[in-house]
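Structure record follows, encoded as structure tokens.
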Amino acid sequence: MVYKFIDNFGTFRIDDPYGYNLYFPLTNKDGSLLSSISPNLAGDIKKDNEHFLTVPAGIEDLRSSLLCRREFFIRTGRQTLRLSFPGKHDVVEAGFLYHKVIKSAPGLGIEIVNFIPFDAAVEVMWVKVCNKSRAAVTLSPTSFIPLFGRSEKNLRDHRHVSSLLNRVYLDQFGIRLRPTMVFDERGHRINTDEYFVYGFEGSGKPPEGQFPTLDYFYGRGDILSPDAVEREVVPARQKRTVFDGKEACAAFRFADKRLLPGEETGYFLVMGVEDSPEKAGKAFQRFNTDSKIRKSLEDTKVYWRRYLSTLAFDFNDAVFNNWLLWVTFQPTLRKLFGCSFLPHFDYGKGGRGWRDLWQDALTLLVTESETAGGLIVSNFKGVRIDGSNATIITKDGDFIADRNRISRVWMDHGVWPYLTLREYVHRTGDIRILLEETSYFRDHQLKRARAVDISFVQKDYLLRSSKGEVLRGTILEHVLVQMLAQFFNVGRHNVIRLENADWNDGLDMAPSRGESAAFSFMYAYNLRDLCVLLTKLREITAAVTVPEELGLLLDRLQSPVDYNDFREKQKRLGLYFEAVKNMSGDRRKISLEDLIRDLQEKASHMSAWLREKQWLKEGFFNGYYDDDSLPVEGRIRGDIRMTLPSQVFAIMSGVATDEQTKSIWRSVNKYLKDKRLGCFHLNTDFGSVYMKLGRAYGFSYGDKENGAFFSHMVVMFANALYKRGFVTEGFEVINSLFKMAVGPQAYINPVLPEYFNAEGKGLYAYLTGSASWFVHTLLGEVLGIKFRFGDLVLEPKLLPANFFAQDIRVSLRSAGGTMRFVFTRDKNISRIIGRGTACRAPTVTKVLLGDLPVPVVRGEYLIKRAALLRAGKEGRVIQVNID
Ligand code: G1P
């Protein structure tokens, strides 16, 4: 661990923080300004992809480029201090949600605090300087924030030409950069955005003047030795024509300041992007004195602490508790940042991908429960009638087909919405959500990206009938479309086609003949599990309606297809794709009983088919066929090839038998476990590029989708094992992630990163779906806080090793009150439970709701929803004793 926690609110410190290329996110409560900052003050500040206040910074820029730093120079007589440069005893302190560098220079104590107020779209930088020497010292300070003021793409696309559009406006407190136009060859536009930085000293003293362009700031020097700092250059107070059309910067000269021994002063910068000079001015007014900024920093800390208290774990261990606070926060960060805008995430344009959206919701259902139902309904409007979906959702909730305008589909996308929906239904008991209605997404892409409708004219991306009316359907219907289309969408091995990839984005080169058994397992699971919800729905209604065309895929109700014959399936899907090109708008009524029968037959066939045909004599499942239609896993040309996802979803879906699961566990340990680090690789080393499968195998082995310790898959592995009762195995897997994350080799802030490379270093911090699954697994499986149609069912799978002390406490706050749980281990729990057998979770000896014992009914500790809500309101605790 490179850091140590200094309180119980996740605040941590890193001594000598420079060797690891770390970064930290800053944002506000609605993500309207996004920053990254590193110990050397590098990183960038932006609103979105089109509006970068400072120069966009990828991971390498953090340590290699001086242009993306928030620089601050202090001259004191003989020496010039450059605050972004490492000092010997520097320390970084960070918490929710601020970043502080503590520096000691000869005779001076310096702190640089950066934060975005929780309720404002500005980044504040506060440089505190204290005279620690015995003599008076005179400071001559200059800030230097290079400005970008345009879209990320101009980093390479006409960078110089677009700088010619720059116009700067100087005023007493700072600079506004308002380029004349937005450079975009598809159609240049008038720019109205103001990129601003204001600065002051102490309680509001303006800078003496400034150096508003790089030309003026550097003079005949450069970024290492700018004339504005090293020579006598007079700062400008007014705009000069020569400043136009130049790369701009917020370089403010503050008045010389004499500090007596022990005396302190502060310099403040307020930076942001607004769409008018008035708004920029107003944004500054809110933070134009030191006392306003001090207060805002405290308010910001309080805001995030309160936000985080919605879901609070207390395992009685400072490191685990504090680390969990950050992990619980990660899904929120991905909601705000999307999958872009932190230094490793130098792709995408800010929206969230489809599968990420649904998986982050697993935790957001708990931490933001009030808005969950509405969000789910609205997200389903991204589904197309062919079962595929728009892949990017913008912050405003709009869908985009593909961020790079490529016609493609990911075959796993139909799996995730259902998993989140079922979680929501069980958590809330709101089965009626299945009957709520929303629209479908329609664009030029037809037949799961195998055809293009050249006559399509972009209107509003809504599916219409041939008569022009907008078609809406229930959430149930959307889910059915996703599952049924995929059931028939098989390749030659009667396994669902891989299309342009599945969960593993790196399997993107087998679109013609590739197949993914890995996710076929999950479609089989969803088909079966949906029947459980439909059985409940029958308490409300006996029948539902679906579009007439969908009847083609409910084949058991009229003209059955031979499920053993992949060609028959393909043919039926072809008929459906033809039919939905022009939707009739007609509806068909079907009884839930019939629907359940149809789905069950499909689920059974698919499960049995996969269980039998994809099992390898080597003792694990084959999960893929490549573009030559050849199996990817097993013994291939003498070497064992194995991937983790194929095994994870076989287990999670319930398709693998207990015996198969045991065999998989042995194989995973043999082929995928790293004995030194104790964690599990995503795949074995295939040893070469694999042009018939995907880009992943061009990556170095041990990185990203080629054999990294990929947190998301590892945590889903743990989840699957727990679910199936393999508790010690599940614990080993989930614990391997925690151990890696806090291990000495991780070199990372407290966070669960997307992956650990072969050396165990953590990469891609903060914006990963693994965090949501970690919390989801901890709550639902390890602690066993499960819900069934609104009722609570307690099934803890806690091992002695889960306890750091006698108790574990958890509280969940929602509008209805706070649910508090205490899990207490009985004294003799320290006996070790044997390995290798399923269904041997420790037993619960007693459950109390307040003072009242909860009886065991049909082998379960179940608390009815009404009693649960009452307990929440009255603040009563649910006490669970475990032996
Ligand atoms: C990332 C992507 C996710 C994808 C995975 C594997 O994982 O966000 O959509 O499935 O890579 O390609 P994450 O960073 O969420 O852990």
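When a ligand or atom number is given, it counts from 1 through the structure's own listing order.
With no hydrogens or angles considered, no side-chain donor-acceptor pair links N749 and Y20 at under 3.5 Å.
Applying the side-chain contact (heavy atoms from CB on, under 4.5 Å) criterion to M1, with sequence neighbours excluded, gives Y3, V319, V742. In terms of the salt bridge (Lys or Arg N to Asp or Glu O under 4.0 Å) criterion, E633 has no residue partners (sequence neighbours excluded).
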Which side-chain N or O atoms in residues 707-718 pair as donor and acceptor under 3.5 Å with protein atoms at least two apart or in another chain?
unit_1, atom_1, unit_2, atom_2, d
S711, OG, P753, O, 2.6
S711, OG, E754, O, 3.3
H712, ND1, W503, NE1, 3.0
H712, NE2, Q359, OE1, 2.8

Next item on the list: Start with the C-alpha distance between W323 and F774, add both sets of side-chain angles, then the distance that settles ring-ring contact (aromatic ring centres under 6.0 Å, His included), and finish with yes or no.
Entry: CA-CA 12 Å; W323 180 78; F774 194 98; 5.2 Å; yes

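For ligand 1, residues of the protein lying within 4.0 angstrom by heavy-atom distance are R334, R355, D356, W503, N504, D505, E705, F710, H712, E754, L767, T768, G769.
Using bins of under 30°, 30° to 60° and over 60° for the plane-to-plane angle, the ring pair F680/W665 lands in the tilted bin.
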